[in-house]
Every structure is written in C-alpha cells, then in structure tokens.
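Read the structure below first, then the notes.
Quick note: numbers below take in every heavy atom, side chains included, and nothing from hydrogens, waters or symmetry partners. What you are looking at is a predicted structure, and each value in this text was computed from that prediction instead of being measured.
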Amino acid sequence: MNCRHFIGAALLAASALLPAAGQAQQKMVLKATDVHPLGYPTVEAIVRMGNKLEKATNGRYSIQMYPSMQLGGEKEMIEQAQVGALQIARISVGPMGPIVDELNVFNMPFVFKDEAQMRKVIDGPIGAEMLTKLSNSSARLVALGWMDAGTRNVYADKPVTKPADLKGMKIRMMGNPIFVETMNAMGGNGIAMGFNELHQALQSGVVDGAENNEPTLLAQNHYQTPRGKVYSLTGHLIIPEIFVFSKVSWDKLPKADQTLIRKLSREAQLEQRKLWDAYVKDATVKLKAAGIKFVPADKDAFFKATQPVRDKYGSKYAALIQRIRDTK
C-alpha cells in the first residue's frame, strides 16, 4: 500500500462511530479490519457478527469491513484502534506479548497438546483471564474474543519427519526470537523473513522451506514453488489470535450495547472455528489434488528437541503452563 492510499484509508476509517448519512444519531458504523481477504474465516466471522448486530439493534449499528490490509498491517491496525479511528481489529498474539507478558506462553512450541486442547484453553478460564488482562492493560484495547489460526507445520521439497531431517535446512520463521530458536532447536536453521518476501525466497532457494497452516500454503501459492511440495505434520506451533475493540470507542457505548457486542463476540469466536475447520478441510483437499504430499512426523521427537526453548522462555510461566497441561 502506498502512502497516499494508506492515508486515504486511514481518513476513511477516522469517520468511525459517526452516524451514517441520513440517519443522524440512529445508525453507528463500526469500522473493522483484517490482513486477510474477504471470505477468510477471521474476516467472515466478523462480517457475520455485523449482520447479527445490525439485526439485533434494528439498524442502530453495522460493521463495515476493510479486509486485505486496506488500513495497513497489524501495527497500523493497532495504532488506529488505540485512537478510535477504527473499532474492531483481528490481531496476532505476538504484538500483545510485550503488553500482557503471559500471552507469550501461547508462542512457545508444543505448549498445547493439540488444537482441541488449545480451544478448550481459550474457551475456558485461562482464555477469559487473558482477555481481561489485555482489556485492563495500557493497550487501550478491549479484548473481545479469540480466533483460530490452525496448526503450523513444515513444508519443503522433502519430508521432515524427525529433527535430523532438518539438518542444514534454512526454514523461514516469523520475525520473533522464540520462533527462530524453535526451528533451531528442531534441527534446522531458522531464518526470520517478512511474509511478503517468502514466495520469491521459496522459488529461488533463498530458503529451503517454511512453516504455516494449510490455508496459507494454498492461498499464498507456496505449494506451486519447488520448496512447497511436501507438507510434514510437525505440529510445532498452535497460536490462537485475538480480536479487539478500540477502548476509546468502547467507552462511548451504552452498557447494554457493550453487553450485546460481547455476546455476539463469543458467538463469533465459535462460528469462526467452524468456518476455519471447513476452510482447512477444503484447502487440504485442494493441496492433495495438486499433488502435495502430506506426511506424518515424529512429534514426540520434535517435542523433546524443543524442550530448551520452553525452559528458556517458560520458566517464569510454570504455573500457567501447568494449568494449560491440566486442561482436558
């Protein structure tokens, strides 16, 4: 996005919480944004939430979605929400870690047994506590709910079933030390790289592979590169995401409307999950039809290999990690 377009989008978002034309003091348009395109589960869940909100309030509120980074990346989204230029944003746990330290637990490898356990954690007391801590923090955001982002697995031009298979392989990771160190512990060479650079890097061999969920492998056409042909089910990271509301805007809402939005947010959290599962299933079918090989991996071996990462980053969260492990 060039500067002129970004400024234009930001000014458009700045009209948030203003009455819609011709409906003075009757209809409030809430601005929502996401880095993903229309139809992606995180986007679709908020669009459906908006439809419910409009119906429940007889048109007093609606949600206008700006997908595909129209209002900038996550950094810009957070900044705009903090000043009330937009109301709803779906963001990763990563940027919130420095604000609510405990959220970093979710960034550690194999902190969840599987996706089913992760869902029980975010649906239960731990998830509720994390949302409350974020809402009560200095972030100037009200945490409304969680969203699924699937399980991350390694893809390359060969199977990666055990740590030895990663020896000498450069694997792109998200730009966070804990993720890079996770890949190093798994046996590879973690390379921090911007997501926008990854397709070309996979095509040219700058990296030997990457890791992500099935929808991303498909949607970003990484499977069409020479190094996206084998999808190894390492399952090393399961990182939920958060959707938030601008606190500046939130504080202007009547209590009854806040209660309604919280109720619809909980429904959106569960609805996004169904959309996500269907999306993953569809992506998997399409990838296999395109000749991508799905291979099982020795998760126990990768779990043991990444223990030093959990020891390094998780020692101060020992009690929280135990609560996660005790969640059945």
Side-chain angles (χ1 to χ4, degrees), residues 92-94 97 104-115 118 149-240 280 283-284 287-288 291-315 321:
S92 302
V93 166
N104 286 313
V105 170
F106 292 167
N107 291 325
M108 292 193 300
F110 297 103
V111 71
F112 300 110
K113 179 182 178 182
D114 51 31
E115 210 164 321
M118 181 275 290
T151 301
R152 301 176 76 96
N153 301 289
V154 172
Y155 49 94
D157 62 355
K158 67 176 186 178
V160 174
T161 64
K162 57 187 182 299
D165 294 337
L166 280 166
K167 185 176 182 180
M169 292 183 68
K170 300 185 296 291
I171 305 296
R172 180 267 174 182
M173 303 296 289
M174 292 181 284
N176 181 319
I178 192 170
F179 300 136
V180 172
E181 289 180 39
T182 291
M183 180 50 60
N184 293 345
M186 287 172 64
N189 181 13
I191 303 295
M193 176 181 292
F195 192 64
N196 59 322
E197 303 173 49
L198 179 54
H199 189 282
Q200 181 58 35
L202 289 167
Q203 189 71 43
S204 64
V206 170
V207 294
D208 301 303
E211 49 83 62
N212 218 309
N213 53 50
E214 297 90 339
T216 298
L217 177 61
L218 177 71
Q220 300 297 326
N221 296 318
H222 293 169
Y223 74 100
Q224 294 179 345
T225 71
R227 293 155 191 88
K229 301 302 184 183
V230 183
Y231 194 65
S232 301
L233 303 177
T234 52
H236 52 282
L237 290 171
I238 302 175
I239 310 172
V280 170
T284 300
L287 288 168
K288 288 182 176 179
I292 305 307
K293 296 180 180 178
F294 280 62
V295 297
D298 186 348
K299 290 185 180 181
D300 286 341
F302 286 117
F303 176 83
K304 292 175 182 176
T306 53
Q307 187 60 48
V309 180
R310 288 185 296 281
D311 290 341
K312 177 179 178 179
Y313 290 96
S315 58
I321 292 173

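- Within the 4.5 Å cutoff, no side-chain heavy atoms of Tyr231 are placed close to those of Leu287.
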Before giving the answer on side chain to side chain contact (heavy atoms under 4.5 Å, CB included), spell out for Asn213 and Thr151 the whole-Å C-alpha distance, their side-chain angles and the decisive distance to 0.1 Å.
CA-CA 6 Å; Asn213 53 50; Thr151 301; over 6 Å; no
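- Across all non-hydrogen atoms, the minimal contact from Ala185 to Thr306 is CB-CA, 4.1 Å.
- The cationic group of Lys288 lies under 6.0 Å from the six-membered ring centre of Phe294 and within 45° of the ring axis, placing it in a cation-pi geometry.
- Note that OH of Tyr313 is 8.0 Å distant from OG1 of Thr182, once rounded to the nearest 0.5 Å.
- Scanning all heavy atoms of the two residues, the minimum distance from Asn221 to His199 falls at O-NE2, 3.5 Å.
- A cation-pi contact, defined as under 6.0 Å to the ring centre and within 45° of the axis, is absent between Arg172 and Phe195.
- The pair Lys170-Asp208 meets the salt-bridge criterion, with a side-chain N (NZ, NE, NH1 or NH2) lying under 4.0 Å from an Asp/Glu carboxylate O.
- Annotation: side chain of Asn153 is not in contact with side chain of Ser232 (no heavy-atom distance under 4.5 Å).
- Two residues are said to be in side-chain contact when any heavy atoms from C-beta on lie closer than 4.5 Å; Pro240 and Met118 meet this criterion.
- For the pair Asn184 (side chain) and Gly190 (backbone), a donor-acceptor distance under 3.5 Å is present.
- A perpendicular orientation is assigned to the rings of Phe110 and Phe303, their planes being inclined by more than 60° (bins at 30° and 60°).
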Step by step, work out the side chain to side chain contact (heavy atoms under 4.5 Å, CB included) result for Val207 and Leu202.
CA-CA 6 Å; Val207 294; Leu202 289 167; 3.9 Å; yes
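- Across Ile239 and Met174, no two heavy atoms sit closer than the pair CD1-CE, 3.8 Å.
- Between Pro109 and Arg310, the closest heavy-atom pair is O-NH1, 3.0 Å.
- Distance CG/Leu237 to CG/Asn107: 8.0 Å, rounded to 0.5 Å.
- The only option from Glu211, Arg152, Lys299 that meets the side chain to side chain donor-acceptor pair (under 3.5 Å) definition with His236 turns out to be Glu211.
- In this structure, Ile178 and Asn104 have side chains that are not in contact, with every pair of non-hydrogen atoms separated by 4.5 Å or more.
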Working note: Gln200 + Val206, criterion side chain to side chain contact (heavy atoms under 4.5 Å, CB included); need CA distance, chi angles, decisive distance, verdict.
CA-CA 8 Å; Gln200 181 58 35; Val206 170; over 6 Å; no
For a side chain to side chain contact (heavy atoms under 4.5 Å, CB included) check, start with the C-alpha distance between Ile191 and Met173, then their side-chain angles and the critical distance, and finish with the verdict.
CA-CA 6 Å; Ile191 303 295; Met173 303 296 289; over 6 Å; no
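- Atom CG of Leu198 is separated from atom CD of Gln203 by 11.0 Å, given to the nearest 0.5 angstrom.
- The side chain to side chain contact (heavy atoms under 4.5 Å, CB included) test with Lys158 singles out one residue from Lys293, Met169, Arg227, and that residue is Met169.
- In this structure, CG in Leu233 is found 14.0 Å from OH in Tyr155, a value given to the nearest 0.5 Å.
- Within the 4.5 Å cutoff, the side chain of Met108 has no heavy atoms near those of the Val309 side chain.
- Considering CE of Met186 and CD1 of Ile171, their distance stands at 8.5 Å, rounded to 0.5 Å.
- Here the closest heavy-atom approach between residue Thr234 and residue Val154 is recorded as OG1-N, 3.3 Å.
- Separating the NZ atom in Lys229 from the OG1 atom in Thr225 is a distance of 6.5 Å, to the nearest 0.5 Å.
- Taking every heavy atom of both residues into account, Val230 and Val295 meet most closely at CG1-CG2, 4.0 Å.
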